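Throughout, residue positions are numbered sequentially from 1 according to the sequence presented. Just so we're clear, the structure is a prediction, and the values are computed from it rather than from any experiment.
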Amino acid sequence: MVTGTGTEVGKTYVTASVARARGAHARKPRQSFDPADPTTDADLLAAACGEPVERVCPRHRWLPLPMAPPMAADALGLPAIHLADLVRELDLPETGTTLVEGAGGLLSPLAHDGDTRNLIVSVAPRAVVLVAAAGLGTIGLVRLCAAVLDPAPIVYLNRFDEADNLHRRNAEWLRTREGLEVVTDLESLSERLAARY
């Protein structure tokens with residue numbers, strides 16, 4: 001599972017990059033998007049893993065409104081979204097690695113009856129990647145998310161700059177004070193995931 005501390009932290013970039021590097025499958029159970037944007041998250045993930053976009057995210061789960069999925073469904077007058085349906089529709093391959101990307105932050109609503117944390121519990125993945133910004137404010141957000149995840153996530157600090165003193169200190173704090181597994185480059189993340197399979 002790939003989740004994040006919030007929206008726009010780079011979940012899709014990370015998921016697509018790792019899927020491409022490892023030859024993995026990718027899934028996104030539900031997506032909401034701006035209809036003016038010609039490329040959705042599912043498009044990017046499908047291009048990265050070489051699967052049809054409808055297999056990555058079923059077309060009836062696309063919501064052309066940039067809001068949390070259940071809010072978008074309500075605003076569009078669509079039926080309620082149930083977590084069990086999203087899990088059933090994941091169409092997980094029997095072989096290989098599959099990366100499943102949530103929507104918004106870890107505790108943002110994904111369905112009318114659950115969030116990405118609930119999806120993680122339902123799917124029981126071998127690993128959870130928590131994507132976070134590398135800069136100011138990330139320690140509190142990572143701690144809040146890690147506190148409700150079991151097992152503990154692999155934290156990926158996106159847009160990490162080794163020359164940035166704050167970025168380095170954030171990574172070190174999360175490793176030493178919080179005891180979290182923290183990576184700052186995609187190659188290391190891919191290696192950590194490979195080691196778990």
Indicate yes or no for a side-chain donor-acceptor contact from Arg168 to the backbone of Glu162 under 3.5 Å, with no hydrogens or angles considered. yes
The reported gap from CG in Asp91 to SG in Cys57 (rounded to nearest 0.5 angstrom) is 12.0 Å
Under 4.5 Å between side-chain heavy atoms, hopping through other hydrophobics if needed: is there a path connecting Leu149 to Leu144? no
Using every non-hydrogen atom in the two residues, find where Leu166 and Asp164 come nearest and quote the distance to one decimal. N-OD1, 2.9 Å
So do the side chains of Leu76 and Pro64 get within less than 4.5 Å of each other, counting heavy atoms only? yes
Within a radius of less than 6.0 Å around CZ of Arg55, do more than 12 heavy atoms belonging to other residues, nucleotides or ligands occur? yes
Donor-acceptor contact below 3.5 Å, side chain Arg30 vs main chain Arg61: yes
Has the side chain of Thr116 got a donor or acceptor atom that lies under 3.5 Å from a matching backbone atom of Leu119? no
For atom CZ of Arg59, is the number of surrounding heavy atoms from other residues, nucleotides or ligands below 6.0 Å larger than 12? yes
Nearest non-hydrogen partners of Ala26 and Cys49, listed with the distance: N-SG, 3.9 Å
Can you check whether Pro109 reaches Pro70 side chain to side chain, under 4.5 Å on heavy atoms? yes
Between NZ of Lys28 and CG of Leu86, what distance do you get to the nearest 0.5 Å? 11.5 Å
Neighbour count above 12 (heavy atom, 6.0 Å) for Glu89 CD: yes
Please evaluate residues Val129 and Leu193 with respect to the criterion side-chain contact (heavy atoms from CB on, under 4.5 Å), reporting the C-alpha separation (whole Å), side-chain torsions for both, the decisive distance (0.1 Å), and the verdict. CA-CA 9 Å; Val129 176; Leu193 291 173; 4.0 Å; yes
CG of Leu90 to OG1 of Thr98, rounded to nearest 0.5 Å, is 9.0 Å
ILVMFWY cluster, Leu99 and Val123 together (side-chain gap under 4.5 Å): no
Given 3.5 Å as the limit, does a donor-acceptor pair link the side chain of Lys11 with the main chain of Gly104, or not? yes
The criterion is side-chain hydrogen bond (donor to acceptor under 3.5 Å, both in side chains); which residues satisfy it with Asp85, sequence neighbours excluded? Arg88
Are Ile154 and Leu180 grouped together when hydrophobic residues (ILVMFWY) are joined by side-chain heavy atoms under 4.5 angstrom apart? no
Cluster question for you: counting only ILVMFWY and a side-chain heavy-atom cut-off of under 4.5 Å, with indirect links fine, are Leu45 and Leu186 together? no
CZ/Arg159 to OH/Tyr13 distance, rounded to the nearest 0.5 angstrom? 8.5 Å
Is a salt bridge present between Arg27 and Glu51, judged by a nitrogen-to-oxygen distance below 4.0 Å? yes
Walk me through whether Gln31 and Leu63 qualify under side-chain contact (heavy atoms from CB on, under 4.5 Å). CA-CA 6 Å; Gln31 70 172 356; Leu63 299 164; over 6 Å; no
Only one of Val53, Asp37, Thr12 passes side chain to side chain contact (heavy atoms under 4.5 Å, CB included) with Asp43, and that residue is Val53
Indicate yes or no for a side-chain donor-acceptor contact from His25 to the backbone of Thr97 under 3.5 Å, with no hydrogens or angles considered. no
Where the side chain of Thr184 meets the backbone of Phe160, is there a donor-acceptor pair that is under 3.5 Å apart? no
CZ (Arg169) with more than 12 external heavy atoms under 6.0 Å: no
Does any non-hydrogen side-chain atom of Glu101 lie less than 4.5 Å from one of Asp41? yes
Check each of Asp115, Val131, Thr5, Ile120 against Leu106 using the side chain to side chain contact (heavy atoms under 4.5 Å, CB included) test, and report the only one that passes. Ile120
Using 0.5 Å steps for rounding, measure from the CZ atom of Arg126 to the CE atom of Met1. 15.5 Å
Taking only residues at least two apart or on different chains, which pairs with a member in residues 54-102 satisfy ring pair (Phe, Tyr, Trp, His ring centres under 6.0 Å)? Phe33-Trp62
Check the pair Cys145 / Thr3 against side-chain contact (heavy atoms from CB on, under 4.5 Å), numbers first and verdict last. CA-CA 10 Å; Cys145 291; Thr3 187; over 6 Å; no
Do the side chains of Leu141 and Val14 join up, straight or via other hydrophobic residues, at under 4.5 Å, putting them in one cluster? no
Once rounded to the nearest 0.5 Å, what's the spacing between atom CG of Asn170 and atom CZ of Arg175? 11.0 Å
Determine, step by step, whether Val100 and Val2 satisfy the side-chain contact (heavy atoms from CB on, under 4.5 Å) criterion, reporting the C-alpha distance in whole Å, the side-chain angles of both residues, the deciding distance to 0.1 Å, and the verdict. CA-CA 6 Å; Val100 180; Val2 180; over 6 Å; no
